[in-house]
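Here the structure comes first, spelled out in structure tokens, and everything after it is commentary.
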Amino acid sequence: MRGTNAVLGATGLAVFLALGEAVPRLGLVKEAYFPPVARIAGALGDELSDDTFWTALGDTLTGWALGLAVAVSAGIVIGVLVSVVPYLREATASTIEFLRPIPSVALIPLAVLLYGSELRSVLLLVVYASFWQVLVQVLYGIQDLDPVADETARSYGLGGWARVRYVLWPTALPYVMTGVRLAAAVALILTVTAELVIGAPGLGARIAIAQNSQAVPEMYALIVVTGLLGLVINVGARTVERRALAWHQSVRGEVTV
Amino acid sequence: MGALLDVSGLNKVYEGSGRRVEAVRDLTFTVESGELVCLVGPSGCGKTTLLKCVGGLLAPTAGQVTLSGRPVSGPPPGMAFVFQEYGRSLFPWMRVGDNVELPLKQKGLSKSRRGELVDDALRSVGLADAAGAYPWQLSGGMQQRVAIARALAYEPEILLMDEPFAAVDAQTRADLEDLVRGLWRERGITILFVTHDIDEAVYLGERVLVLSGSPTVVRERLRIDLPAERDQLHTRVAPRFAELRTHVYEQIQAAKRGTPAPEPSDRIVDVEDRPVDKS
Ligand SMILES: Nc1ncnc2c1ncn2[C@@H]1O[C@H](COP(=O)(O)OP(=O)(O)OP(=O)(O)O)[C@@H](O)[C@H]1O
Ligand SMILES: [Mg+2]
């Protein structure tokens, strides 16, 4: 079954690439806006041998990783505190519901005012967008705590910290992992958006430059790179998730003991 | 003084969301050190509530629980609890060995001592080679044995068991009953065992406390004068066993109908001291 799926997937991709090559060549769309696949691939090759491309990739990854790290740490710490301290959850619920839906891109003007086109601008947007993904999952995860498990821990004299560490955290971990995976994807989107709009150095800024200088195949090549980046991040996050949750029912069947 | 566990005038009222439920009205009983006492009562009569109050997991509305002379206000160190929902009481993210070890870490025992206790406890429930498995890889009966091993390794003064075998099949249940009685005789621990199953209560207990329907009081206390050596085959067909279980059955039926408890004079069982009502 898996084998068949892989073959189908590869065939689909091949057809897609073939169409991408044929349609512009046949003149169905303007070649100036939709260059054929071969030219995009050529431009990608040029990019890969260009040092400034790698610097831009490094900048983008730095913004992404730093922003994600800050968002995940803050989301976990604040999520646990809000859930554990009595009444804090009720007190913060409406504020969270108000702040959460604000699109991060609406903060672009604020970010520019505060930090100009520095990395800090990018971080502000990335952290704001990914923080909520993590926080909300942590809150749900902790709510999922089984009262029997908690009473068991209490009956054996486990104190507050031990219960957080041995019971609460493992209970919430599947949710936290989902939150991190979603946050990782959102963080990439926001990093590229910020670079594109604000002009902070990175792949986004490079896409903007390519567009301004009419280097259409290069622009497509860079877009492909961001897509591949998203793919790698998602696959990576899923792998980490599987490893960390070997005991969980969503993964369980595959464990060998 | 003297009794290991002393429950007096225990009352628990649940209040909240506009509903007021008096689950336990007025319970008074004691458990001596080394005893195996069964509490039996109809479903919903407040057995779990009572046990949680005894275990310091719930604060009673009135009355007092004392363990070795010290009032219980939170889970006391010398007490272990075996829950009815064994599947949820074991942590699925920890292997069996770690589940058993966790409370010992909390006690601050050395690593080698913990290892000894875990091995010994798992061996005595017949699961010596399951330490590396996850709880969800085991059958229901095995899981409940892990929960019992965790309690044993903790070396409690008193073991509280809340309908621990209600969710396993009859054969497993019989095995687990023998396991508990065997452990009790070997190790001399004190056990307070809650069940709604009359046969189980009579088979296991040295004493049986019959609870009334909700709101709950102790309806009767009986001493089970069956021989200490019991086995599923012979004990359960002994005439004395039949008499005792019939008696408890009648009491429970009467409790469900709400008839007041009969005078204890000429019963076939010897009824212990009743609190207050006669002088
Ligand atoms: N958290 C709670 N809040 C309100 N009422 C409760 C709560 N827990 C139990 N009760 C009520 O207290 C009474 C006794 O419940 P309890 O669970 O102690 O009975 P039980 O004897 O253990 O029942 P079972 O044999 O079914 O396990 C019931 O009427 C129940 O509705
Ligand atoms: Mg119960």
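Lettering follows sequence order; numbering is per chain, from 1. Hydrogens, waters and symmetry mates are skipped; everything else that's a heavy atom, side chains included, is used.
- Remark: side-chain polar atoms of B:W93 are paired, donor with acceptor, to backbone N or O of A:Y166 under 3.5 angstrom.
- Of the atoms belonging to B:K105, it is side-chain heavy atoms, and not backbone ones, that fall under 4.5 Å from chain A.
- The residue among A:L173, A:L158, A:D150 with the most heavy atom pairs within less than 4.5 Å of chain B is A:L158.
- When side chains are defined from C-beta on, B:R150 counts as touching A:T152, because their heavy atoms get closer than 4.5 Å.
- In this structure, A:R154 contributes its side chain and B:P75 its backbone to no donor-acceptor pair below 3.5 Å.
- Across all their heavy atoms, A:D146 and B:R88 have their closest contact at OD2-NE, 2.7 Å.
- Ranked by heavy-atom pairs shorter than 4.5 Å toward chain A, the options B:L160, B:L102, B:L104 are led by B:L102.
- Taking A:A162, A:P170, A:G157 one by one and counting their heavy-atom pairs under 4.5 Å with chain B, the maximum is reached by A:P170.
- How far CD of A:E151 is from CG of B:D162: 10.0 Å, rounded to the nearest 0.5 Å.
- Taking both residues in full, the closest heavy atoms of A:Y156 and B:Y154 are given as O-OH, 3.6 Å, listed atom of the first, atom of the second, then distance.
- A 6.0 Å sphere centred on CZ of B:R187 holds more than 12 heavy atoms belonging to other residues, nucleotides or ligands.
- Both the backbone and the side chain of B:F81 come within less than 4.5 Å of a heavy atom of chain A.
- Annotation: B:Y14, atom OH; neighbour count of heavy atoms from other residues, nucleotides and ligands within 6.0 Å is above 12.
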